[in-house]
**Student:** 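Provided herewith is a single structure, encoded as structure tokens, for subsequent inquiry.
Predicted model only: the values in this text are computed from it and were never measured. Sequence lines set the chain letters: A, B, ... in the order given, protein chains first and strands last, and positions in each chain run from 1.
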2 protein chains.
Amino acid sequence: MRLKRTASAETPESAPAGVRDERKQRTRKALLDAALILLDGERSFSSLSLREVAKVAGVVPAAFYRHFTGMDELGMSLVDDSFHTLHQMMRGARSAPLPPANLVARSVETFLLYAQAHRLHFQFIAKERVSGSSSVRLAIRKELRLWTSELATDLAPFPKLKGFNGDDLRMMAGLVVNAMMGATELILDADINDAAELARIHQLAQKQLMLIFLGAAQWKSKPAQ
Amino acid sequence: MRLKRTASAETPESAPAGVRDERKQRTRKALLDAALILLDGERSFSSLSLREVAKVAGVVPAAFYRHFTGMDELGMSLVDDSFHTLHQMMRGARSAPLPPANLVARSVETFLLYAQAHRLHFQFIAKERVSGSSSVRLAIRKELRLWTSELATDLAPFPKLKGFNGDDLRMMAGLVVNAMMGATELILDADINDAAELARIHQLAQKQLMLIFLGAAQWKSKPAQ
DNA sequence: GTTGATAGTGAACATGTGTGCACTATTAGA
DNA sequence: TCTAATAGTGCACACATGTTCACTATCAAC
């Protein structure tokens, strides 16, 4: 109701192609956003109700079914969107490489700032990675494995990491991903205005990554296993 | 009903003190166990209903209130029980120290086997650490911080870790705890009968810990910060 | 034995839930 | 301009939920 009025007020008739589709995508996004907003704070995805999401999106419950077959499908869409966000970041990082000085510390900084900027998406990933319905959870695990493999590939060329074979490189990348997710969880739980606390977490994560890379420089994979 | 009959059958009259209290503790435990059982698999704690828990415990919903004011209080009790389990393990490890050969690998093995043996408790911790109600979540975080500090204290005497000041030691302990929780999550999600998969995860975690300790041996904390 | 305390029962309530169905209004295409 | 398609509405249903209340049956203490 409110959504229709404002929509028709904001977009008089200047729509070259698909006024209808655009409208549909708008409420689809409203539903996804509503879920993310409700997920912020206490709630977990599996405790959200379809009606609740519809209400926050400003839509009647039955309208939900025009977009998703149920909450599970909406959850899968959130997984897609969230990892799209993450992959965008990775792509950006590759296309505009950081200077090698303090590479680790700078990468951590970049990542955590990105996580703060896309708070809701990262919160969703962090929560549902471990507690969601199995379809959502497995989808997230799969994406995280993929991310780990990408990271391993990016890491491979570094001269200090010549001691690694492929398996062990992924092992190390997994450790890095774990540490970053842990720091992300701390960030998401911290008071958003407590700059000192945020800085403390950033430094903690930076040191942890430095420690990992310090160990990595010494690592020797067993040649034949 | 069924619970009462079996109870009176199993304990004829040989109860020195508190037949009544013992009965009460029994159904209290039944409620806690019911929640853990329901939590196994798909569900998250915040999606459990009081009625559901009561039904699995074999008790009418109203009886729930004789033991807990609501699901949140039951959750807090689960936190206590779960960490009691964990502290028991730590105490056992300290009182019967492992031989120094392969110390890291053996410790990982011990921990993960313990996690498998107390599957439901560790699953609860892993899930609600990130997605639970804020009281439960904060309680778990507090316990994990405590655990991290204990671990740091246990680690301090090692000669190879002389390069650490107190803060950095906790930083490293946090990394260890993170890695172990990550491995625990993998274990809990794996098929319980897939021995090869479990062994793979054990080896992964062992390598990750070795990598951390390799880095730690090289670490030099800044003397004054 | 009698009596007070209480763990567990069963029914009731108001409210929230997922989902189906006939509907209305708007748009895309003929 | 007329018509088919469809995003969103409003209502209905059967059911699950948290919580309350009077109750019953059992145990502890006198």
**Student:** Rounding to a whole Å, what distance do you find between A:Phe64:CZ and C:dT19:C1'?
**Tutor:**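 About 12 Å, once rounded to whole Å.
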
**Student:** Which nucleotide in the set C:dA7, D:dG10, D:dC21 lies at the smallest distance from any side-chain heavy atom of B:Ala62?
**Tutor:**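 When the side chain of B:Ala62 is considered, D:dC21 is the closest of C:dA7, D:dG10, D:dC21.
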
**Student:** State which residues pass side-chain contact (heavy atoms from CB on, under 4.5 Å) with A:Asp33; sequence neighbours excluded, sorted by chain then number.
**Tutor:**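 Applying side-chain contact (heavy atoms from CB on, under 4.5 Å) to A:Asp33 gives A:Lys29.
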
**Student:** Would you mind writing out the side-chain donor-acceptor pairs for residues 58-70 of chain B within the sub-3.5 Å range, not counting sequence neighbours?
**Tutor:**
residue: B:His67; atom: NE2; partner: B:Thr27; partner atom: OG1; Å: 3.0
residue: B:Thr69; atom: OG1; partner: B:Glu73; partner atom: OE1; Å: 2.9

**Student:** Base of D:dT26, side chain of B:Arg20 - is there a donor-acceptor contact under 3.5 Å?
**Tutor:**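 Per atom types, the contact qualifies.
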
**Student:** Where along residues 65-75 of chain B does a heavy atom fall under 4.0 Å from DNA chain D?
**Tutor:**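 Of all residues in residues 65-75 of chain B, the ones placing a heavy atom under 4.0 Å from DNA chain D are B:Tyr65.
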
**Student:** Can you measure B:Arg28 atom CZ to C:dT6 atom P for me and round it to whole angstrom units?
**Tutor:**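 It works out to 17 Å between those atoms.
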
**Student:** Tell me whether the rings of B:Phe111 and B:Trp147 are parallel (<30°), tilted (30 to 60°) or perpendicular (>60°).
**Tutor:**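 Ring orientation, 0 to 90° scale: parallel.
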
**Student:** With B:Thr110, which residues qualify under side-chain contact (heavy atoms from CB on, under 4.5 Å), at least two apart?
**Tutor:**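 Only B:Leu98 meet the side-chain contact (heavy atoms from CB on, under 4.5 Å) criterion with B:Thr110.
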
**Student:** A:Lys29 NZ to D:dA7 C1': how many Å, rounded?
**Tutor:**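 Interatomic distance, NZ of A:Lys29 to C1' of D:dA7: 19 Å.
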
**Student:** So, for B:Ala179 and B:Leu209, which heavy atoms are closest and what is the spacing to 0.1 Å?
**Tutor:**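 Closest heavy-atom pair between B:Ala179 and B:Leu209: CB-CD2, 4.0 Å.
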
**Student:** Could you identify which residues of residues 37-53 of chain B place a heavy atom less than 4.0 Å from some atom of DNA chain D, listed by residue number, or say none?
**Tutor:**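 Under 4.0 Å from DNA chain D: B:Ser49, B:Leu50, B:Arg51.
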
**Student:** Give a yes or no on whether the backbone of A:Gly92 and the side-chain of A:Ser95 come within a donor-acceptor separation of less than 3.5 Å.
**Tutor:**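 Yes: the side chain of A:Ser95 pairs with the backbone of A:Gly92.
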
**Student:** Using whole Å, what does the distance between atom P of nucleotide D:dT6 and atom CD of A:Gln25 come to?
**Tutor:**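 Result: 14 Å.
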
**Student:** Could you check whether A:His118 and A:Gln88, counting side-chain N and O atoms only, form a donor-acceptor pair closer than 3.5 Å?
**Tutor:**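 Absent: no donor and acceptor within the cut-off.
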
**Student:** Take the protein atom CG of B:Asp21 and the nucleotide atom C1' of D:dT26, then report the distance between them rounded to whole Å.
**Tutor:**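 Roughly 13 Å, once rounded to whole Å.
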
**Student:** Starting from P on C:dA28, measure out to CD on A:Glu22 and report it in whole angstrom.
**Tutor:**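 Roughly 10 Å, once rounded to whole Å.
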
**Student:** Which residues satisfy the side-chain contact (heavy atoms from CB on, under 4.5 Å) test with A:Leu188, sequence neighbours excluded?
**Tutor:**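 Here the qualifying residues are A:Arg119, A:Phe122, A:Gln123, A:Thr184.
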
**Student:** Would you tell me if any nitrogen or oxygen in the side chain of B:Arg23 comes within less than 4.0 Å of OP1 or OP2 on D:dC27?
**Tutor:**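 For D:dC27, OP1 or OP2 has a side-chain N or O of B:Arg23 closer than 4.0 Å.
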
**Student:** Between atom NZ in A:Lys24 and atom P in C:dA28, what is the gap in whole Å?
**Tutor:**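 That distance rounds to 14 Å.
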
**Student:** At under 4.0 Å, does any side-chain N or O of B:Thr27 touch on OP1 or OP2 of C:dG8?
**Tutor:**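 Yes, such a contact exists.
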
**Student:** Kindly indicate, with the supporting measurements, whether the criterion side chain to side chain donor-acceptor pair (under 3.5 Å) is fulfilled by B:Ser44 and B:Ser131.
**Tutor:** CA-CA 8 Å; B:Ser44 79; B:Ser131 92; 5.0 Å; no

